Amino acid sequence: MRVAVIEGDGIGPEVTRAALEVLKAAATKFGLNIEFEYVEAGDDALRKYGEALPGRYWRVIEGSDAILKGPVGESAGEVVVKLRRGLDLYANIRPARNYPGVKAVRDGVDLVIVRENTEDVYVRAEYMLNSDTAIALRVITRRASERIARVALNMARSRRGRVTIVHKANVLTVSDGLFRDVVKAVAREYPGVTVNEMYIDAAVMDLVRRPQEFDVIVTTNLYGDILSDLAAYVTGSIGLAPSANMGDEKALFEPIHGAAFDIAGKGIANPTAMILSAAWMLRWYGEKTGSSNYVTAGIAIDNAVINALSQGIHTPDLGGSYTTESFTLAIIKLI
């Protein structure tokens with residue numbers, strides 16, 4: 001398995017190193033063959049090369065089986081949007097759940113946000129009409145809406161069988177109207193899945209008020225970005241939330257949190273989300289290639305994290321005293 005590694009900025013290198021140590025330990029225990037190739041990307045790369053994601057590394061990225069990416073700073077849009085659109089990683093999957101031993105705003109939450117990943121205002125087509133007026137283009141297509149609908153509906157089949165379409169078609173009648181109508185049309189092919197719809201403002205309110213009622217949320221790019229951060233907070237901490245950017249052949253795994261420059265270099269960053277992203281990467285690769293030892297290794301890492309959290313092994317953001325390094329060592333011992 002070839003993995004392109006982007007360490008990122010701020011706490012990115014710290015949490016990435018933690019995840020790689022866990023992966024190396026899992027590789028030894030479960031007989032995995034993992035090759036890591038490093039890609040410079042982010043704020044430092046922009047200063048050094050004039051590009052946040054230098055073209056010289058595209059060969060490494062395309063030649064990898066998966067990408068493991070740490071958080072990037074101010075140039076995040078230039079890195080992750082380029083990767084998502086360039087590799088057609090159209091499905092951004094962001095689960096949010098409670099973990100034992102972790103205080104949360106709401107308990108009993110187990111939901112997944114399925115976010116269309118290549119369109120909306122994230123096509124980054126902005127320009128100045130004049131010195132006082134900025135214009136941003138919003139793109140929603142039938143093709144992208146259809147395939148993200150199928151991802152969400154297929155996922156719901158293996159979960160509790162409920163999909164909520166989140167949109168704002170009462171205001172954005174053309175673009176959000178198309179997204180909503182396409183998802184509803186595809187849903188007719190899934191008679192076993194219950195589908196409802198909510199406006200984005202109502203969904204934000206219910207995500208705080210009664211998040212337990214959500215199973216799978218399917219939505220557009222911008223709304224999904226905002227909802228997933230909120231869902232992570234409601235379930236305990238953004239530092240616990242992994243994510244996957246999936247295409248038909250390749251996938252990118254990353255924590256949803258940012259670069260947290262204010263704590264960079266202090267050794268206290270929570271690497272949980274990055275470690276869980278790495279575990280997800282192993283499970284995905286194992287399922288894709290039929291390699292059961294990769295799936296087993298990914299599950300073992302997940303279980304180690306859950307055991308650690310339930311035992312009160314917490315970094316300072318969760319009220320504990322474990323450093324990035326000592327938390328990582330604890331996970332390795334529990335694998």
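Everything numeric here is computed off the predicted structure, so don't read it as measured data.
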- Give every residue pair that meets the side chain to side chain donor-acceptor pair (under 3.5 Å) criterion with at least one member in residues 26-37, sequence neighbours excluded. none

- Query: Under 4.0 Å between a Lys/Arg side-chain N and an Asp/Glu carboxylate O for K250 and D65?
  - Reply: no

- Take V114 and V163 through the side chain to side chain contact (heavy atoms under 4.5 Å, CB included) test and state the conclusion after the steps. CA-CA 10 Å; V114 178; V163 170; over 6 Å; no

- Query: Does the pair V3 and Y285 meet the rule for a side chain to side chain contact (heavy atoms under 4.5 Å, CB included), with working shown?
  - Reply: CA-CA 11 Å; V3 178; Y285 180 77; over 6 Å; no

- Can you see which heavy atom on A18 is nearest to which on T328, and at what distance? CB-OG1, 3.2 Å

- Starting from the C-alpha separation in whole Å, work towards a yes-or-no answer on side chain to side chain donor-acceptor pair (under 3.5 Å) for N293 and T296. CA-CA 5 Å; N293 55 333; T296 302; over 6 Å; no

- Query: Does NZ or CZ of R124 lie under 6.0 Å from the centre of the six-membered ring of Y122, at an angle within 45° of the ring axis?
  - Reply: no

- Are M128 and T133 close enough that some pair of their side-chain heavy atoms sits under 4.5 Å apart? no

- Task: Please confirm whether the backbone N or O of F214 pairs with a side-chain atom of R160, one donor and one acceptor, at under 3.5 Å?
- Result: yes

- Message: Any donor-acceptor pair under 3.5 Å linking the side-chain atoms of Y223 with those of D120?
- Response: no

- V166 vs T164 side-chain heavy atoms within contact, under 4.5 Å: yes

- Straight-line distance of I331 CD1 to N307 CG, nearest 0.5 Å: 8.5 Å

- Message: Does atom OH (Y233) have a neighbourhood of more than 12 heavy atoms from anything else shown, all under 6.0 Å?
- Response: no

- Would R142 and D181 pass as an ion pair if we require N to O under 4.0 Å? no

- Item | Short N-O contact, R159 and D215, less than 4.0 angstrom | yes

- With T220 as reference, evaluate I165, D176, D225, I200 under the side-chain contact (heavy atoms from CB on, under 4.5 Å) test and give the passing residue. D176

- Task: Check each of T219, N221, N245 against R115 using the side chain to side chain donor-acceptor pair (under 3.5 Å) test, and report the only one that passes.
- Result: N221

- Main-chain N/O of N98 paired to D110 side chain as donor or acceptor, under 3.5 Å: no

- Query: V123 and R85: side chain to side chain contact (heavy atoms under 4.5 Å, CB included), yes or no, with the steps?
  - Reply: CA-CA 8 Å; V123 297; R85 302 196 72 207; 3.9 Å; yes

- Query: Are K184 and E197 within salt-bridge range, i.e. N to O under 4.0 Å?
  - Reply: yes

- Scan for side chain to side chain donor-acceptor pair (under 3.5 Å) pairs involving residues 42-58, sequence neighbours excluded, and state none if there are none. E40-K48, E40-Y49, E40-Y57, D43-S75, D44-R47, W58-E62

- Pair L334-V305, side chain to side chain contact (heavy atoms under 4.5 Å, CB included): steps then yes or no: CA-CA 8 Å; L334 288 167; V305 169; over 6 Å; no

- Please check if atom CD in E146 has more than 12 non-hydrogen atoms from other residues, nucleotides or ligands closer than 6.0 Å. yes

- Determine, stepwise, if the pair R84 / T118 fulfils side chain to side chain donor-acceptor pair (under 3.5 Å). CA-CA 6 Å; R84 289 168 177 166; T118 63; over 6 Å; no

- Taking 4.0 angstrom as the limit, do R150 and E189 come out as a salt bridge? yes

- Note on the structure: With L318 as partner, the option from T272, N270, I313 fulfilling side-chain contact (heavy atoms from CB on, under 4.5 Å) is N270

- Task: Decide whether S175 and R138 meet the rule of one side-chain donor and one side-chain acceptor closer than 3.5 Å.
- Result: yes

- Message: Looking at D248 and K288, is there a salt bridge between them, counting it only when a charged N and a carboxylate O are closer than 4.0 Å?
- Response: no

- Are T141 and E119 close enough that a side-chain donor and a side-chain acceptor fall under 3.5 Å? yes

